[in-house]
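To keep things clear, I will list the structure first and then write my remarks on it.
Because the structure is a prediction, the values reported are computed rather than measured.
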Amino acid sequence: MTQTIDLSRIAVILHKPRFSENIGAAARAMQNMGLSRLVVVDPETYDQEKINRMATHAAKDIVNRITCCNTLKEALSPFTFVVGTTARLGGERSVVHTPKVMAERLLGLIRENDIALVFGPEDRGLTNDEIRLCHELVNIPTAQFSSLNLAQAVVILCYEIFNASREVKSEFIPRLASRHELDGMYDQLKELLVRIDYIKPENPDYWMANLRRFFTRIQLRAKDVLILRGLCRQIDWYANKRYEEGKNNSDSHRKDDGKTIIRAGSQE
Ligand code: SAH
């Protein structure tokens, strides 16, 4: 069976894994399925011996090249497409794909994008805040008991990706914006929207969550982020200019008739 696609652009990210054995077993599963990039974020334990034992000799290269990060945000910053995995459904976890459908979608992205598959800790899974960093979610359908062992969830996702990669019929999708580019844009947008009174300064992140959801749905490309940031800069420039003009006008009116001009909304 020959593999026709380079899967090295897809990384498995284990967020706060509790057991070293699961790190090793995940590495072995990746080796079975042709994936090679493993990132571990803030593990509860990192026992090299237990990792090696579960990874076996076959996956030693993957283990030797594991990248360790302190935060999920840092781990995700180079990726342009982030997939979260969840055992739980409902609430913010309502739009989810099966591993098979997700695998096919990912292969459309793979030529131009670095893709992260994020797995949560064994006891509690990913939090809602962590889920918000993901473009899309995947759930492995199960009978009533939905929570798989972490490494078993990894093997199922990797298997579907490997399987899909053997029969490529995917649509080409250009490079999407990275997490880092998106975060820069959201910060700029938040500042501007507070300044022009579009969102409330008391709890801007609450209002930004709606915008984040909106932008996540349309999967911004790197180029789209540049356009949106340019738009923000222009609105900011224009608002400043009008503000300065307004100030100058009101100064000159003061000179003209000695009366104070009252701006709309002002408490003067
Ligand atoms: N008790 C947690 C499950 C944690 S299992 C919960 O209810 O969310 C550890 C991780 O394995 C999960 O965060 C997820 O990444 C993966 N996982 C386990 N079961 C899964 C399933 N049915 N679908 C998708 N991912 C799953």
Side-chain angles (χ1 to χ4, degrees), residues 1 3 7-72 75-76 79 81-89 93 96-103 106-107 114-127 130-131 133-134 136-166:
M1 271 179 238
Q3 197 178 320
L7 297 180
S8 67
R9 297 197 81 154
I10 303 183
V12 167
I13 304 206
L14 303 182
H15 181 49
K16 295 182 184 254
R18 300 189 64 200
F19 306 111
S20 303
E21 288 86 346
N22 279 334
I23 302 176
R28 176 175 181 168
M30 290 171 65
Q31 177 70 19
N32 287 136
M33 300 302 161
L35 277 84
S36 53
R37 239 165 121 183
L38 179 56
V39 181
V40 176
V41 182
D42 189 21
E44 197 169 304
T45 55
Y46 196 93
D47 182 327
Q48 195 67 57
E49 217 178 288
K50 287 182 180 168
I51 293 175
N52 292 346
R53 197 175 323 127
M54 292 303 283
T56 74
H57 188 69
K60 78 171 185 328
D61 286 347
I62 296 182
V63 170
N64 291 342
R65 282 185 277 113
I66 288 178
T67 310
C68 286
C69 294
N70 292 325
T71 65
L72 186 58
L76 292 182
F79 293 94
F81 197 77
V82 179
V83 176
T85 54
T86 178
R88 268 171 296 144
L89 298 173
R93 296 157 202 251
V96 288
H97 301 286
T98 61
K100 189 171 188 315
V101 169
M102 180 60 78
L106 295 186
L107 292 176
D114 286 304
I115 298 165
L117 302 176
V118 188
F119 294 84
E122 292 87 337
D123 49 348
R124 58 166 180 75
L126 297 169
T127 64
E130 288 153 2
I131 288 285
L133 298 173
C134 303
E136 293 194 353
L137 295 178
V138 60
N139 167 260
I140 301 162
T142 57
Q144 264 153 3
F145 178 46
S146 67
S147 174
L148 276 90
N149 160 271
L150 173 58
Q152 290 173 350
V154 172
V155 77
I156 288 175
L157 263 290
C158 294
Y159 164 74
E160 290 293 0
I161 290 169
F162 172 69
N163 216 13
S165 75
R166 297 187 303 148

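- You'll find the side chain of Asp114 stays beyond 4.5 Å of the side chain of Phe81, heavy atoms only.
- Looking at Ser147, its side chain never comes within 3.5 Å of a backbone N or O of Ala87 through a donor-acceptor pair.
- Every salt bridge (charged side-chain N to carboxylate O under 4.0 Å, His left out) that Lys100 has, sequence neighbours left out, goes to Glu104.
- No donor-acceptor pair closer than 3.5 Å links the side chain of Arg37 to the backbone N or O of Ile13.
- Distance check: Asp61 CG to Ile66 CD1 gives 11.5 Å after rounding to the nearest 0.5 Å.
- Around CZ of Arg28, the count of heavy atoms belonging to other residues, nucleotides or ligands within 6.0 Å does not exceed 12.
- Taking NZ of Lys60 as the start and CD1 of Ile51 as the end, the distance is 16.0 Å to the nearest 0.5 Å.
- A donor-acceptor pair under 3.5 Å links the side-chain atoms of Thr45 to the main chain of Arg18, judged by distance alone.
- A 4.5 Å side-chain heavy-atom check between Val82 and Val118 finds at least one atom pair inside the cut-off.
- To the nearest 0.5 Å, atoms CZ (Phe119) and CG (Leu14) are separated by 7.5 Å.
- Between Ile62 and Ala27, the shortest heavy-atom distance links the atoms CD1-O, 3.7 Å.
- Counting heavy atoms from C-beta outward, Leu106 and Leu117 have side chains that approach closer than 4.5 Å.
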One pair to check against side chain to side chain contact (heavy atoms under 4.5 Å, CB included): Asn22 and Glu122. What are the steps and the verdict?
CA-CA 9 Å; Asn22 279 334; Glu122 292 87 337; 2.8 Å; yes
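- Rounded to the nearest 0.5 Å, atoms CD (Glu160) and OG1 (Thr98) are 7.0 Å apart.
- Checking side-chain atoms of Gln31 against main-chain N and O of Ser36 turns up no donor-acceptor pair under 3.5 Å.
- From Asp42, atom CG reaches atom SG of Cys68 across 10.0 Å, with rounding to the nearest 0.5 Å.
- Not a single donor-acceptor pair under 3.5 Å links the side chain of Asn139 to the backbone N or O of Val96.
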Test log, rule side chain to side chain contact (heavy atoms under 4.5 Å, CB included), inputs Asn32 and Cys158
CA-CA 9 Å; Asn32 287 136; Cys158 294; over 6 Å; no
Would you sort out whether Val39 and Leu72 count as a side chain to side chain contact (heavy atoms under 4.5 Å, CB included), showing the intermediate values?
CA-CA 10 Å; Val39 181; Leu72 186 58; over 6 Å; no
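- Between atom OG1 of residue Thr85 and atom CG of residue Leu137 there is a gap of 8.5 Å, rounded to the nearest 0.5 Å.
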From CA spacing to verdict: side chain to side chain contact (heavy atoms under 4.5 Å, CB included), Val138, Thr86:
CA-CA 6 Å; Val138 60; Thr86 178; over 6 Å; no
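- More than 12 heavy atoms of other residues, nucleotides or ligands sit less than 6.0 Å from atom CE of Met102.
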